[in-house]
Amino acid sequence: MAVQDETGPVLVTVYCDRCGTEETHDYLVPAGKDSIDVARRHLAEHRSWVTGAFDLCPDCVTATTREGTTERTRS
């Protein structure tokens, strides 16, 4: 966890737990918030990621849906 002491920009990378795809962006993280939570929320709302205990990029979400499985581990 990387809870911010002050509001400010933070460079955060989220990795897909299945294929290793990376999304790296600057996020404006409010004081008292966890930077990874801010990044995951943005990716889920704007980039079609599925986030939570495991993070899945849009390609892996589509592949998982096609395969009919909920396996969420790196291949």
Side-chain angles (χ1 to χ4, degrees):
M1 257 183 16
V3 176
Q4 300 306 116
D5 292 330
E6 297 179 8
T7 297
V10 179
L11 186 65
V12 180
T13 300
V14 177
Y15 299 89
C16 176
D17 289 316
R18 187 163 192 217
C19 71
T21 294
E22 302 175 8
E23 283 268 355
T24 303
H25 303 281
D26 282 315
Y27 298 96
L28 184 58
V29 180
K33 296 287 184 176
D34 186 349
S35 57
I36 192 72
D37 288 342
V38 171
R40 284 177 169 153
R41 182 175 178 183
H42 173 82
L43 291 175
E45 291 177 0
H46 301 284
R47 304 263 186 180
S48 301
W49 279 61
V50 172
T51 61
F54 298 96
D55 301 314
L56 294 176
C57 70
D59 290 340
C60 288
V61 170
T62 302
T64 300
T65 302
R66 262 195 331 263
E67 294 166 6
T69 180
T70 56
E71 176 190 355
R72 292 186 173 182
T73 56
R74 194 173 278 165
S75 326

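Position 1 is the first residue of the sequence, and the numbers go up from there.
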Does the Asp55 side chain pair with the main chain of Asp17, one donor and one acceptor, at a distance under 3.5 Å?
no
Between atom OH of Tyr27 and atom CG of Asp37, what is the distance when rounded to the nearest 0.5 Å?
12.0 Å
Side chains of Cys16 and Leu56: closer than 4.5 Å at any heavy-atom pair?
yes
Shortest non-hydrogen contact from Val12 toward Ser35:
CG2-CB, 3.9 Å
I'd like to check the side-chain hydrogen bond (donor to acceptor under 3.5 Å, both in side chains) partners of Glu45; sequence neighbours left out, ordered by chain and number.
Arg41
When every non-hydrogen atom of Val61 is compared with those of Val50, the smallest separation belongs to CG2-CG2, 3.3 Å
Atom of Thr21, atom of Trp49 and distance for their closest heavy-atom approach:
O-CH2, 3.9 Å
Please list all pairs passing the salt bridge (charged side-chain N to carboxylate O under 4.0 Å, His left out) test where one or both residues lie in residues 20-30, with sequence neighbours left out.
none
Enumerate the salt bridge (charged side-chain N to carboxylate O under 4.0 Å, His left out) contacts for residues 4-15, please, sequence neighbours excluded, ordered by first and then second residue.
none
Which atom of Ala44 lies closest to which atom of Thr51, heavy atoms considered:
CB-OG1, 3.9 Å
Mind checking side-chain hydrogen bond (donor to acceptor under 3.5 Å, both in side chains) for Gln4 and listing every partner two or more places apart, or none if nothing turns up?
none
Taking every non-hydrogen atom, the tightest pair across Ala39 and Val14:
CB-CG2, 3.9 Å
In Å and rounded to the nearest 0.5 Å, what is the CG to CZ distance from Asp59 to Arg18?
10.5 Å
List in chain and number order the residues that pass side-chain contact (heavy atoms from CB on, under 4.5 Å) with Pro9, two or more places apart in sequence or in another chain; answer none if no residue qualifies.
Leu28
